Amino acid sequence: MAEFESEAIADLGSAGSCERERRVCGIREECTAEFVLPDYMGDVKRLLKYTAEAVPCNKFISAADVSFLSVVTFRVSYIDASGILSEAVFTADCEHNEHIGDDFSDASISTLTQSVTVRLKGPRKICARAALVSDICITERISLPGIEAAAETEEMLKKSTRIRVHTAEYPRSVEREYAEEIGRMINIPADDIEVVKCELSPYASSTALSDSGIIIKGEMDALAVLRTGGEVMRITKRIPFEETVPLSTDMKDVYPSCRVYVTGVSANLNNVVEDGAEGAAYYTSVVLSSTVEFHTVTDRNVEHEVITDAFYKGKSNECAYESFIYEELMATASEKRKISLTESRGECELREIIDCDVVVKNLKKEMLGSELKLTGEIVCNIIASPNGEGECLLLKCESPFEESVKLTGANESARVYVDVEVADCSVSFDTEKIYVALTLGINAIALEEKKIDVMVDLKPCEKKSQRTRCLTVYYPCEGDTLWSVAKKYSASPMDILKYNTLTDISAENLDASLASLERLIVMEE
């Protein structure tokens, strides 16, 4: 993607307020939970796989603090004492309060789980632990340094420039409820079917700005693992979605991004009877009901005009400056990459893939010029049923990956934030190998820290001389510009150009070099 441009301009020519984004990254918390199996579930004989997912919610913002609650959902697949595949699902809350210390208007929180561990305390008690890593993105209000007398007058001349300050806005999220039939069980009544597992995995494939807000398009992979008699079966369906999150203000030329969270999912089994030409037929409809939240963030640059220097003509001037540090959004990227994994199936005889999940581990990033290099590991955990009699098996496919993303406009000093999602995962096998195909969604933004010296105070003193005017011959040195010479003699840049007939330099080009001139005539006020 090309260098990020923005036409948003803030009307600030002097000291005032400014909004910019600041990130508090890598907040680590540990979440633990204990779960006792209910009476209708069998004892744990062997653990197969376990996952944890955190959904941030209940955000509270005060003048100097951000408090938030993350709900962590643990899913543990296991073989019970009767050799039956089962899944235990339980949640734990993790609260955190972060003292920010500055005045800010809004914040966005994202939480990822790492290092999930599960162990047994007896055949009916599961202990789970997960490390949570949260990032807080804050839109903070700060004072933009500058002088109060910002308007240029006949006596005061100023030199100003425009800077582009990265900021982010967090439009309100929206919550949607879905109910979708994902499959039918022909001639099997609902009472003879048990739901082992159900889940929904959303993936946002694109975001776009419209007059009504941010349009989010993507797909949700629905999964239900059912058991009837002694047979376990898997039902899947890909459900497209398109939702709009309203914008708080009218913003053009911004980079929108989003996160999609599933906050609740359940499978309902409904007996259905249909009359047809061949008589009545019945089936069980498998309907997945879910609650999904869409959170959006819009990154952009806002232009501010700051006064870097000023002086009063014909007077001595006392000047004071202050350094202003800010970040500018340099580039964005949103790309999808196809990844394939292959693993030997060994001696096991497989009949069907029941379940799989994919995680990205040890993600590392490095800027090489304007190219972002990503490395890491992809781990795919697969539950499969064997041919003939036998318990379900856990298979694992692992592979390192390396991908490069172009961030045109950025450089090696840029600060890069990356979000990697996994989608479109499918598993197949033949007599010798297991094949996994998936898509990595890579979203990245690059920021560059900049510093500029801004004038914060200007005090005129008495006139330099009792004489009304003084003609001076000045011999320019290396580094002399139209502005520096004008300020040195408290003269007008326009007058310097006029007295020296410098027609190839405009009065607006205050940084034009004068070092190539042999001499210069300056009329002091």
Side-chain angles (χ1 to χ4, degrees), residues 3 5-16 18 143-165 301-326 328 448-465 468-525:
E3 180 179 348
E5 295 291 344
S6 175
E7 295 181 357
I9 298 177
D11 185 20
L12 290 172
S14 60
C18 171
S143 296
L144 189 69
I147 56 176
E148 295 301 328
E152 184 173 340
T153 65
E154 183 178 351
E155 293 297 320
M156 191 197 85
L157 301 177
K158 70 174 184 179
K159 179 185 178 185
S160 63
T161 189
R162 289 190 180 277
I163 60 175
R164 304 196 306 167
V165 180
N301 285 321
V302 177
E303 285 197 358
H304 297 273
E305 184 181 23
V306 293
I307 299 174
T308 56
D309 211 353
F311 66 89
Y312 286 91
K313 291 194 298 183
K315 296 183 179 181
S316 299
N317 296 274
E318 293 183 2
C319 306
Y321 305 88
E322 183 178 307
S323 291
F324 177 61
I325 299 175
Y326 62 98
E328 181 178 341
E448 184 175 346
E449 185 177 285
K450 295 188 174 183
K451 183 174 73 171
I452 187 171
D453 290 332
V454 179
M455 173 167 277
V456 294
D457 194 19
L458 174 64
K459 294 179 181 179
C461 302
E462 294 298 325
K463 287 189 176 183
K464 291 183 177 181
S465 173
T468 57
R469 286 193 168 188
C470 177
L471 189 66
T472 300
V473 178
Y474 178 73
Y475 298 92
C477 303
E478 187 70 30
D480 282 340
T481 64
L482 178 61
W483 174 262
S484 66
V485 174
K487 183 182 179 183
K488 182 175 183 178
Y489 292 99
S490 300
S492 166
M494 180 66 76
D495 289 343
I496 293 177
L497 296 178
K498 181 174 66 175
Y499 293 143
N500 294 274
T501 61
L502 300 176
T503 57
D504 56 338
I505 301 177
S506 66
E508 290 75 24
N509 189 9
L510 299 176
D511 292 322
S513 175
L514 303 180
S516 61
L517 301 178
E518 292 186 5
R519 63 179 183 174
L520 201 65
I521 297 177
V522 181
M523 183 68 74
E524 297 185 63
E525 296 291 338

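Since we're looking at a predicted model, the values are computed, not measured.
Considering CD of Glu322 and CG of Asp457, their distance stands at 11.0 Å, rounded to 0.5 Å. Interatomic distance, CZ of Phe311 versus SG of Cys319, reported as 9.5 Å (0.5 Å rounding). To the nearest 0.5 Å, the span separating CD on Glu448 from CZ on Arg164 amounts to 10.5 Å. Annotation: the span from Lys158 atom NZ to Leu458 atom CG amounts to 12.5 Å, rounded to 0.5 Å. In this structure, CD1 in Ile163 is found 5.0 Å from CZ in Phe324, a value given to the nearest 0.5 Å. Summarising the geometry, atom OG1 belonging to Thr308 is positioned 9.0 Å from atom CG belonging to Asp453; distances are rounded to the nearest 0.5 Å.
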Between Leu482 and Leu497, does the side-chain contact (heavy atoms from CB on, under 4.5 Å) criterion hold? Intermediate values first, please. CA-CA 9 Å; Leu482 178 61; Leu497 296 178; 4.1 Å; yes
Before giving the answer on side-chain contact (heavy atoms from CB on, under 4.5 Å), spell out for Ser490 and Lys315 the whole-Å C-alpha distance, their side-chain angles and the decisive distance to 0.1 Å. CA-CA 6 Å; Ser490 300; Lys315 296 183 179 181; 5.6 Å; no
Run the side-chain contact (heavy atoms from CB on, under 4.5 Å) test on Leu144 and Val454 for me, step by step, so that the C-alpha distance in whole Å, both residues' side-chain angles and the decisive distance to 0.1 Å come before the verdict. CA-CA 9 Å; Leu144 189 69; Val454 179; over 6 Å; no
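Residues Ser484 and Gly479 share a closest heavy-atom pair of OG-O, 4.4 Å. Nearest heavy-atom pair across Ile505 and Ala512 is CG2-CB, 3.6 Å. In plain terms, the two heavy atoms of Ala486 and Pro493 that are nearest each other are CB-CG, 3.9 Å. Minimum interatomic distance between Ala515 and Cys477 (heavy atoms only, all atoms of both residues): CB-O, 3.4 Å.
Judged purely by atom type and a 3.5 angstrom limit, Thr472 has no side-chain atom pairing as donor or acceptor with the backbone of Tyr474. The backbone N or O of Tyr312 lies less than 3.5 Å from a partner atom in the side chain of Asn317, making a donor-acceptor pair.
Not counting sequence neighbours, Glu518 has no partner by the side chain to side chain contact (heavy atoms under 4.5 Å, CB included) test. Considering only residues two or more places apart in sequence or on other chains, Tyr321 meets the ring-ring contact (aromatic ring centres under 6.0 Å, His included) condition with none of them. When the side chain to side chain contact (heavy atoms under 4.5 Å, CB included) test is applied to Asn500, the partners found at least two apart in sequence or on another chain are Ile496, Leu502, Leu520, Ile521. In this structure Glu449 satisfies the salt bridge (charged side-chain N to carboxylate O under 4.0 Å, His left out) test together with Arg415, sequence neighbours excluded. Checked against salt bridge (charged side-chain N to carboxylate O under 4.0 Å, His left out), Asp309 has the following partners two or more places apart in sequence or in another chain: Lys487.
Applying the side-chain hydrogen bond (donor to acceptor under 3.5 Å, both in side chains) test to residues at least two apart or on different chains, the pairs with a partner in residues 501-513 are Lys159-Asp511.
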